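Below, chain A is the first sequence line, B the second, and so on; all start at residue 1. What you are looking at is a predicted structure, and each value in this text was computed from that prediction instead of being measured.
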Protein chains: 2
Amino acid sequence: MVQVMRDAHSAESRPYHHGDLRRALVDAARRLLEAEGPSALSLRAVAREAGVSPAAPYHHFKDKAELLDAVAHEGWEMLNARMAEAKAAAEGRQQLTALGIAYVCFAREHPALYRVMYDAARDKEMLPIEMEDGSDDSAYCRVRDTMIEHGADPTAETDLELATIASWCAAHGLAEMAGFKQFEHMKDALGGEQQFIAAVLQHMGLFPHTHRD
Amino acid sequence: MVQVMRDAHSAESRPYHHGDLRRALVDAARRLLEAEGPSALSLRAVAREAGVSPAAPYHHFKDKAELLDAVAHEGWEMLNARMAEAKAAAEGRQQLTALGIAYVCFAREHPALYRVMYDAARDKEMLPIEMEDGSDDSAYCRVRDTMIEHGADPTAETDLELATIASWCAAHGLAEMAGFKQFEHMKDALGGEQQFIAAVLQHMGLFPHTHRD
DNA sequence: CGTCGATCTGAGCGGCGTCAAGATATCTTT
DNA sequence: AAAGATATCTTGACGCCGCTCAGATCGACG
């Protein structure tokens, strides 16, 4: 992003050194992912898409997994931004529901990306730093803090953490299952996938601490 | 299936025709899966494990995905059996919690198998028939019926179905996330993974229809 | 201008999923 | 029991994959 295409060689002549191949590779991977699905996401295909040789990516990523990590990283940032918007746009205890809906809808709008995000997490058996407690602006903190704002007891730490984890797991489960054909008739009956998602979230007793509000 | 090992050749001499290669392949795949993880599960490796050429499986399965489907199928049957046990062993409204715990614990005890089960489902965007409403003895029916037994209104069909779906999604989400290292300190604080699972399930407000009982 | 390090290419390794052709065992018919 | 049909397994090959390494090319810096 900082470096632009060098002009030592013209833009046409494909300079031997790419301006910012790392950036280009991640973008190409995202493009391929959303266009052709996870199965089409090979390192060679990404290199092809970026117009470089199959070995070039190895100067920017240790291996394929590290490239996917970078793609996943951007995914988490997109998700964080989406949830920040959702909270800002809602009011009162509606904010928690809005966060849940935003989470699931993001996953449904970018299913291949969401899959890459969680596959990377599962392989390392840990969530990326962007979603952790310590990270500022993380979705985890956003949910937990919103719970506190709307009546949860901030001194009951274990309860608060369990409630946050429970909400997260529930949203993730719904995110992965909402696309299944078995629920098609239910979505139709409720007037669309978004309504279905909202209805299931409601039935989950999400964010139990807010019930007393 | 029907055929047993023919005795024209002795059991030692590796007859040209395998007795029941289909069965042997599925078993080999399960063995490889649980021993080496999903990444080691190649068609060629399965054939190797079964002592047969790489092309042999194609006389029993259309492609690799169909083999994995067969493995997944067995997984769902194991899960159904596990949940049936869990319900039988519990009493009263404890049964619903027992079902949830059984589901998540199964997934945690067989993480690679559980992953294959859901990957197969996601690729087809539908749950396997064993888990559907129509199928007798399905986990879906078991959960829904147990809800009815413990006070849910069987005439409020939409509500009942939404509640069942919500429970399922929540359990699935927890099943996939319970292994993450971020929750390690929580598991320690609660005295183990099983306690952690039970605590999160409790916080999920699972099976809301039973709350009035 | 020359050197050095970073970047990219080309060739190549072994492994993968899959397929076609041929070999071999079993089943069926006579 | 012989013969043909059928199911099963092997061999060999194709193209794609992730990954490595030697060497070509370029930018920066002395």
Side-chain angles (χ1 to χ4, degrees), chain A residues 2-26 28-29 32-33 36-71 116 119-120 123, chain B residues 1-29 32-33 36-71 116 119-120 123:
Chain A
V2 182
Q3 311 176 249
V4 190
M5 184 88 80
R6 300 325 192 108
D7 41 19
H9 295 78
S10 80
E12 262 61 31
S13 74
R14 302 256 197 94
Y16 190 90
H17 277 29
H18 196 292
D20 186 354
L21 184 54
R22 182 176 223 274
R23 174 79 267 140
L25 288 170
V26 175
L32 261 171
L33 190 59
E36 317 274 347
S39 64
L41 196 60
S42 68
L43 237 188
R44 292 176 111 103
V46 172
R48 230 148 30 211
E49 179 93 2
V52 294
S53 84
Y58 287 90
H59 291 268
H60 301 271
F61 302 98
K62 177 173 128 285
D63 54 17
K64 184 185 180 183
E66 205 169 280
L67 206 196
L68 294 199
D69 276 353
V71 174
V116 167
D119 282 352
D123 285 348
Chain B
M1 49 257 21
V2 183
Q3 321 174 245
V4 189
M5 183 87 83
R6 300 325 191 113
D7 41 20
H9 296 76
S10 79
E12 262 62 29
S13 74
R14 299 253 200 97
Y16 189 88
H17 277 35
H18 196 292
D20 186 353
L21 183 54
R22 183 176 220 276
R23 175 77 270 142
L25 288 170
V26 175
D27 287 349
L32 260 173
L33 189 59
E36 316 276 347
S39 64
L41 196 59
S42 70
L43 236 191
R44 293 178 110 102
V46 172
R48 231 150 26 215
E49 179 92 2
V52 94
S53 87
Y58 285 89
H59 291 268
H60 301 270
F61 302 97
K62 174 174 132 286
D63 55 16
K64 183 184 181 183
E66 204 170 280
L67 205 195
L68 294 200
D69 275 352
V71 174
V116 167
D119 282 352
D123 286 347

Can you tell me which nucleotide in dT18(C), dT9(C), dC19(D) comes closest to the side chain of H59(A)?
dT9(C)
Without decimals, in angstroms, what is the distance between K62(A) NZ and dC19(D) P?
8 Å
Figure out the CD/C1' separation between E66(A) and dG18(D), and round it to whole Å.
14 Å
Under 4.0 Å, counting only non-hydrogen atoms across every strand here, what does R22(A) touch: a base, just sugar-phosphate, or nothing?
nothing
Which of the following nucleotides, dT18(C), dT10(D), dC16(C), is nearest to the side chain of L43(B)?
dT18(C)
Looking at dG17(C), dT7(C), dG18(D), which one has an atom nearest to any side-chain atom of H60(A)?
dT7(C)
V52(A) has its side chain closest, among dC9(D), dT11(D), dT9(C), to dT9(C)
Please classify the nucleic acid contact of S53(B) as base, sugar-phosphate, or nothing, using heavy-atom distances under 4.0 Å.
base
What's the NZ-P distance between K64(B) and dG17(C), to the nearest Å?
5 Å
Which listed nucleotide (dT20(D), dC19(D), dG12(D)) is nearest to the side chain of D63(A)?
dC19(D)
Kindly point out which of dT9(C), dC16(C), dG18(D) is positioned nearest to the side chain of R44(A)?
dG18(D)
Indicate whether OP1 or OP2 belonging to dC17(D) is found under 4.0 Å from a side-chain N or O atom of R48(A).
yes
